[in-house]
Protein chains: 2
Amino acid sequence: MRIGELAARAGTTTRTLRYYESRGLLPARRTGNGYRTYDEDDVRLLEQIRTLQDFGFDLEETRPFVECLRSGHPEGDSCPASLAVYRRKLTELDALISELNAVRAQVGAQLTRAEAALPGGPEPRCELTG
Amino acid sequence: MRIGELAARAGTTTRTLRYYESRGLLPARRTGNGYRTYDEDDVRLLEQIRTLQDFGFDLEETRPFVECLRSGHPEGDSCPASLAVYRRKLTELDALISELNAVRAQVGAQLTRAEAALPGGPEPRCELTG
DNA sequence: CCTGGCCTTGACGCCCACGTCAAGGATTAC
DNA sequence: GTAATCCTTGACGTGGGCGTCAAGGCCAGG
């Protein structure tokens with residue numbers, strides 16, 4: 001299939017596929033007239049990349065998965081290098097999540113404090129007025 | 001004080017202060033020779049901006065806080081517009097955090113599944129081998 | 001033959017909060 | 001006088017993953 005069809009099947013754009021190719025992630029064969037040609041394996045590679053991208057992985061982080069698939073493994077994460085990326089990502093996610101939770105707590109506390117100091121007077125959140 | 005001293009006191013750079021000025025957030029008076037001049041009020045404005053930036057607020061989102069301070073309020077969040085930003089931010093944070101938690105769960109599940117399928121054989125996480 | 005729809009490469013734009021460099025003016029210390 | 005250290009404006013660079021032209025080639029239908 002050609003680039004437009006692959007893009008449509010993956011729900012992305014031709015620009016994205018050319019970008020992946022420029023990064024060496026998704027090289028394409030060429031027909032006589034210079035058009036890019038892809039097969040079903042490429043669909044799987046692209047799906048793998050897109051899935052990880054949706055998870056927030058950097059493009060570079062998808063490379064081990066792609067190479068794993070290309071080397072014949074049934075799944076992109078059937079290789080140690082892919083698992084290493086998973087683990088690193090989990091660590092990053094945990095750090096980010098806890099940081100965001102801390103920020104959330106701070107902002108929430110600030111809001112509560114500021115609301116209590118408003119000219120409209122503190123508005124009680126529950127019925128502890130008695 | 002001049003721009004270098006203010007930057008140092010806020011733990012930031014002169015470039016940052018000029019950037020804030022270009023955005024209309026932190027305008028500066030000028031001395032005869034064209035140097036920017038700041039006072040203690042500007043220190044407070046800058047601290048407010050920096051605090052919110054550290055929380056991950058966009059520069060534009062700090063504007064209500066700055067204007068609140070500049071209009072004479074003791075705190076940047078003593079104004080309704082600031083509270084609205086707080087609330088919006090909390091909503092954003094909650095959405096982001098829950099999204100990240102979902103991703104974390106997915107990645108964790110993928111890791112567990114992939115580990116169990118490795119050629120090295122599934123490595124039990126706890127002692128349920130008996 | 002012509003139109004329309006696919007494809008090609010190349011290159012600039014975007015976002016955001018600055019970093020960094022360049023060329024030069026002002027002030028202070030010695 | 002001159003060196004060091006501040007300051008000024010202007011303008012380009014950064015990162016990531018593309019979007020969006022622009023100019024043109026290839027091919028099918030009518």
Side-chain angles (χ1 to χ4, degrees), chain A residues 1-39 42 45-66 85 88-89 92-93 96 99 103, chain B residues 1-39 42 45-66 85 88-89 92 96 99-100 103:
Chain A
M1 84 197 70
R2 292 181 304 185
I3 195 170
E5 187 181 343
L6 177 56
R9 284 183 57 175
T12 181
T13 68
T14 60
R15 177 72 183 88
T16 296
L17 300 192
R18 294 197 189 96
Y19 178 65
Y20 291 170
E21 181 175 3
S22 79
R23 307 275 86 193
L25 264 181
L26 194 62
R29 272 111 315 194
R30 299 297 181 117
T31 61
N33 57 17
Y35 286 12
R36 288 173 177 81
T37 295
Y38 303 91
D39 55 26
D42 291 319
L45 295 185
L46 182 51
E47 280 170 353
Q48 176 72 82
I49 296 171
R50 290 269 92 196
T51 299
L52 296 176
Q53 286 274 90
D54 289 346
F55 281 170
F57 285 54
D58 293 344
L59 254 194
E60 274 312 306
E61 293 178 321
T62 72
R63 197 178 294 275
F65 296 80
V66 173
V85 174
R88 194 155 44 77
K89 206 63 183 180
E92 284 177 29
L93 280 169
L96 181 55
E99 185 185 330
V103 169
Chain B
M1 82 197 73
R2 292 180 305 185
I3 194 171
E5 186 180 345
L6 177 57
R9 283 184 58 175
T12 182
T13 68
T14 60
R15 178 71 182 90
T16 295
L17 300 193
R18 293 197 189 95
Y19 178 65
Y20 291 170
E21 181 174 2
S22 78
R23 306 277 86 194
L25 264 179
L26 195 62
R29 274 111 312 195
R30 302 294 182 119
T31 61
N33 55 18
Y35 286 14
R36 289 173 178 81
T37 295
Y38 303 90
D39 55 27
D42 292 318
L45 295 184
L46 182 52
E47 280 170 353
Q48 176 72 81
I49 297 171
R50 291 268 92 199
T51 298
L52 296 175
Q53 285 274 88
D54 289 346
F55 280 170
F57 285 53
D58 294 343
L59 254 194
E60 274 311 307
E61 293 177 322
T62 72
R63 197 178 296 273
F65 295 80
V66 172
V85 174
R88 193 155 45 77
K89 206 64 183 179
E92 284 178 29
L96 180 55
E99 185 185 331
L100 288 177
V103 169

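We name chains A, B, ... by the order of the sequence lines, and we start the count at 1 in each one.
- Atom OH of B:Y19 and atom P of D:dT9 are 17 Å apart (whole Å).
- For A:Q53 and D:dG16, the shortest distance from a side-chain N or O to OP1 or OP2 is not below 4.0 Å.
- Between D:dT9 and B:R36, a contact under 4.0 Å exists linking OP1 or OP2 to a side-chain N or O.
- Atoms CZ (A:R63) and C1' (D:dG16) sit 14 Å apart, rounded to a whole Å.
- What separates CG of B:D58 from P of C:dC18 is a distance of 11 Å, to the nearest Å.
- B:R50 has a side-chain polar atom (N or O) that falls below the 4.0 Å cut-off from OP1 or OP2 of C:dC18.
- The main-chain N or O of B:D39 is found under 3.5 Å from a side-chain atom of B:D42 such that the two form a donor-acceptor pair.
- Whole-Å rounding puts the B:I3 CD1 to D:dT5 C1' distance at 15 Å.
- Of the side-chain N and O atoms in A:T13, one or more sit less than 4.0 angstrom from OP1 or OP2 of D:dG19.
- Here the C1' atom of nucleotide C:dC7 and the CD atom of A:E5 are 14 Å apart, to the nearest Å.
- Phosphate contact (OP1/OP2 of D:dG25, side-chain N/O of A:N33, threshold under 4.0 Å): absent.
- Annotation: of the two residues near DNA chain D, B:G4 and A:L59, the 5′-most nearest-nucleotide partner is B:G4.
- The base of C:dT9 is not paired with the side chain of A:R18 by any donor and acceptor separated by under 3.5 Å.
- Taking only side-chain nitrogens and oxygens, B:T16 comes nearer than 4.0 Å to OP1 or OP2 of C:dG19.
- A salt bridge does not link A:R2 to A:E5: none of the charged nitrogens lies less than 4.0 Å from a carboxylate oxygen.
- Between A:R15 and D:dG16, a side-chain N or O to OP1/OP2 separation shorter than 4.0 Å is absent.
- When rounded to the nearest whole Å, the span between CG of B:L26 and P of C:dC18 equals 12 Å.
- Nearest nucleotide to the side chain of B:Y20, out of D:dG17, D:dC27, C:dC18: C:dC18.
- Note: CZ (B:R23) to C1' (C:dC16) measures 9 Å, nearest angstrom.
- Note on B:R18 versus B:E21: no salt bridge recorded, every NZ/NE/NH1/NH2 to OD/OE distance being 4.0 Å or above.
- A 4.5 Å side-chain heavy-atom check between A:E61 and A:L52 finds every atom pair outside the cut-off.
- One can find a donor-acceptor pair under 3.5 Å joining the base of C:dG25 and the side-chain atoms of B:Y35.
- Looking at B:R50 and B:E47, no side-chain N of the basic residue comes within less than 4.0 Å of a carboxylate O on the acidic one, giving no salt bridge.
- Atom P of nucleotide D:dC7 and atom CZ of B:R29 are separated by 16 Å, given to the nearest angstrom.
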